[in-house]
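Data first, discussion second: the structure below is written as structure tokens.
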Amino acid sequence: MYKYLKDINSPKDLKKLNVREIERLSSEIRSFLLENISKTGGHLASNLGVVELTLAMHSVYDTEVDKIVWDVGHQSYVHKLITGRKEEFETLRQYKGLSGFPKRGESIHDHFETGHSSTSISAALGIATARDLTGENYQVTAVIGDGALSGGMAFEALNHVGQMKTNINIILNDNEMSISENTGGLSQYLGKVRTMPMYSKVKGDVEALINHIPAVGKSMIKTAGKAKDSIKYFFVPGVVFEEIGITYIGPIDGHDYLKTQEALQRAKSIKGPVIIHVLTKKGKGYVHAEERPEKYHGVSSFDISTGKPLDSSKKLSFSDVAGKTLVESAKENTQITAITAAMPDGTGVTEFSEKYPERFFDVGIAEQHAVTLAAGQSVAGLHPCFAVYSTFLQRGFDQVLHDVALQNLPVTLLLDRAGIVGADGETHQGIYDIAYLSLIPNLQILSPENGTELHAMIKYSFEANAPVAIRYPKGDAWECDFNSDLKIIKGQSSVTKKHGNDVVIFAFGPIHKNAEEAVEKLHQQNINATLVNLRFAKPLDEKTILDLSKKASRIYTIEDHALIGGVGSQISHLLGKHQIYKPVHNFAYPDHFIHQGSVKEIYKEYGMDAEGIAKKIQEEALPRLRNVKFLGK
Ligand SMILES: Cc1ncc(C[n+]2csc(CCOP(=O)(O)OP(=O)(O)O)c2C)c(N)n1
């Protein structure tokens, strides 16, 4: 079926094709991506947009020696496809399958691992400076989208690139989209640049134009360098980059293979840093994705002909509950604002943005800025809610500590995708937030057992008069009663099962559900447990924890989080402090990065599903219980 693609096993095979054949290969690649991603799920629209660009890159660079750093890395599928990983595509983003992001262990053609945005220019500059110091000779290229360019790290890196003047190419893949529409002043600037003629043409023309200004023209060009510069401002696209010391080439039609190839060749021959501004269409070639690129940025399996998800049963997710609670609360409380760092859909705040546009802030991919923006709003009397994926708040650690918590500012941090995230894998697992947040004074950390609790916790955060972080996972929120009169009280847990004191289990967050199932299984085997829904990781409900731990023979904790720095380790510490010396087991992730796979698969692998929990407790508790009871008599 794939006449050209079937013979592409390495970038060298591309060299055998002429331009017409490359065009045909491009459409085959699009069909291949559609066919595969419609089954596995993945980042569809971004990859459909970079087909010709990636082929042009591989025609200019030899990635066995030349280095490419893909920003975010979600657009690297075409690169993977032509660097010998075609056969593995059906395992894309699956348990133990091909990663959806660049992975150095997967191929010699992957040079730097990414997943979080806006790192590519820094990494590429790092590689380029190392190359210069070691006297090697290869090309280094960062590929960054206009969305990722809105991240602070990208600005910091551009600033440094302008100073270093080393050979580095930056391909700016401008499709006018982040996940949703791109925002910000730079994005508006790029919008203007997009419609300008290509720079190399203009560069000569500017001089010709000035020459033709009657009387002043010639003398101006000779004497008035500054005037020439100011005229350049009007005519030269990308002048902002030129001013900071980076040669600008563009804008180039990124779907025109030859033009893109030519621009990349030229960039390669220029000494010093060069930015190549490439215009592409997100979702190119698939009508549904072209029309609604934000919906096809990241997809689960879908029907190609209709574009509809195969599982269309839309249940209420935790993100939906958070978003709806904000909308509901903002109606009565006009101080509430909602902030997102380029993820309004993912974090469920789109409805808020439509209902309260003046109180909604999409800051671009700028988590650090978002946190301090919230601090500023809070100090001035508002109650900001920053809805952010747990993994991306890692970027804002210092801002949470220094700008929010130090001043004890009422800010709500809604940590979506906390816990195992599934197919995105290592780079996106939200399993570190309890650790990096619980060491911060003043900050409270909560996690709901279900949707009803999330609703109540968000309401609680508006009354807490302190910074509050609420973590909840991706996926459906079972039991969600928006009319429930559940009241959350600071540092108070809830005992949810009271079969007996053989063991006590302290569960934090929705993983409580697994523990609950396990408790019932154990009960059938005459192991009688008490189960506690902690609600707070900070402040811990010390009294309940200590009282129940004293009574129980064995103590268990469970959380969808890394072991080190998690709730379990804090409870163990608390028990030690109070000289309760009993066997404790913490169900949590060990000290290594957790790979991709469905939540179910990962829970199973780490023994955190109901079966795993019950099995472990049964194995440990039964012999010991006999022993304890015997000794106790
Ligand atoms: C620090 C961080 N915040 C948020 C994200 C989520 N994210 C992944 S891709 C993306 C949009 C990237 O837009 P762009 O760079 O223009 O690439 P495109 O998909 O449009 O090609 C976002 C916000 C991320 N990966 N990293």
Side-chain angles (χ1 to χ4, degrees), residues 33 37 42-51 53-54 69-79 100-102 113-122 142-156 170-184 186-187 190-191 194 254-255 277-284 289-290 292-299 319 339-347 349 362-371 386-397 399 415-417 421 423-430 474:
L33 289 174
I37 300 173
H43 288 100
L44 179 67
S46 312
N47 282 289
L48 289 176
V50 296
V51 178
L53 171 62
T54 309
V69 184
W70 298 94
D71 209 290
V72 184
H74 64 309
Q75 78 293 54
S76 62
Y77 297 4
V78 186
H79 163 77
F101 297 94
E113 302 193 1
T114 46
H116 287 202
S117 159
S118 317
T119 62
S120 63
I121 305 176
S122 302
V143 186
I144 184 163
D146 54 312
L149 193 66
S150 66
M153 263 190 91
F155 284 85
E156 293 170 29
I170 301 163
I171 298 175
L172 170 57
N173 172 30
D174 178 3
N175 56 22
E176 296 177 274
M177 295 293 289
S178 193
I179 292 180
S180 307
E181 230 164 80
N182 204 3
T183 60
L186 186 67
S187 161
L190 291 176
R194 281 177 78 94
H255 298 302
H277 185 187
V278 176
L279 309 183
T280 59
K281 185 152 190 59
K282 202 160 174 172
K284 175 87 174 165
E290 283 195 18
R292 308 218 44 199
E294 73 286 0
K295 291 274 168 261
Y296 291 85
H297 174 87
V299 291
S319 316
I339 302 173
T340 176
M343 321 267 315
D345 283 347
T347 57
V349 294
D362 182 348
V363 300
I365 309 179
E367 289 81 6
Q368 296 150 284
H369 163 62
V371 176
F386 178 30
V388 56
Y389 288 10
S390 158
T391 190
F392 301 139
L393 189 65
Q394 287 165 200
R395 286 276 165 95
F397 169 74
Q399 287 73 8
L415 268 62
D416 203 312
R417 305 311 195 261
V421 293
D424 282 334
E426 289 101 321
T427 52
H428 285 60
Q429 307 291 21
K474 183 180 179 180

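Predicted model only: the values in this text are computed from it and were never measured. For ligands, and for the atoms within them, numbers begin at 1 and follow the listed sequence.
The CD atom of Q368 sits 5.0 Å away from atom CD of Q399, with the distance rounded to the nearest 0.5 Å. Atoms CE and NE2, from M343 and H297 in turn, are 7.0 Å apart once rounded to the nearest 0.5 Å.
Between K282 and ligand 1, at least one pair of N/O atoms sits closer than 3.5 Å. Residue-to-ligand polar distances place A148 within reach of ligand 1: an N/O pair is separated by less than 3.5 Å. Taking distance alone, with nitrogen or oxygen atoms compared against 3.5 Å, E367 approaches ligand 1 more closely than that limit. No N or O atom of H116 sits closer than 3.5 Å to an N or O atom of ligand 1. Considering backbone and side-chain atoms alike, G115 places an N or O below 3.5 Å from some N or O of ligand 1.
For R194, the side-chain hydrogen bond (donor to acceptor under 3.5 Å, both in side chains) criterion is met by D174, E176, not counting sequence neighbours.
Using a 4.0 Å cut-off between heavy atoms, N175 contacts ligand 1 through its side chain alone, with no backbone atom that close. With a 4.0 Å heavy-atom cut-off, ligand 1 is reached by no atom of H43. Heavy atoms of V72 found under 4.0 angstrom from ligand 1 belong exclusively to the side chain.
Which parts of ligand 1 touch G147 is read off a 4.0 Å heavy-atom cut-off, strictly below it: atoms 13 (O), 14 (P), 15 (O), 16 (O).
Taking the six-membered ring where the residue is Trp, H79 and W70 present tilted rings, their angle falling between 30° and 60°.
When I179, T119, T340 are ranked by how near their heavy atoms come to atom 7 (N) of ligand 1, first place goes to I179. Counting heavy atoms only, S117 comes closest to atom 26 (N) of ligand 1 of the residues S117, A154, G49, G364. Considering H74, Q368, E294 only, the shortest heavy-atom separation from atom 17 (O) of ligand 1 involves H74.
Of all protein heavy atoms, the one lying nearest to atom 13 (O) of ligand 1 is S178 CA, 3.4 Å. Shortest contact from atom 23 (C) of ligand 1 to any protein heavy atom: I365 CD1, 3.5 Å.
Side-chain contact check for D416 and T347: no donor-acceptor pair (N or O, by modelled atom type) lies under 3.5 Å.
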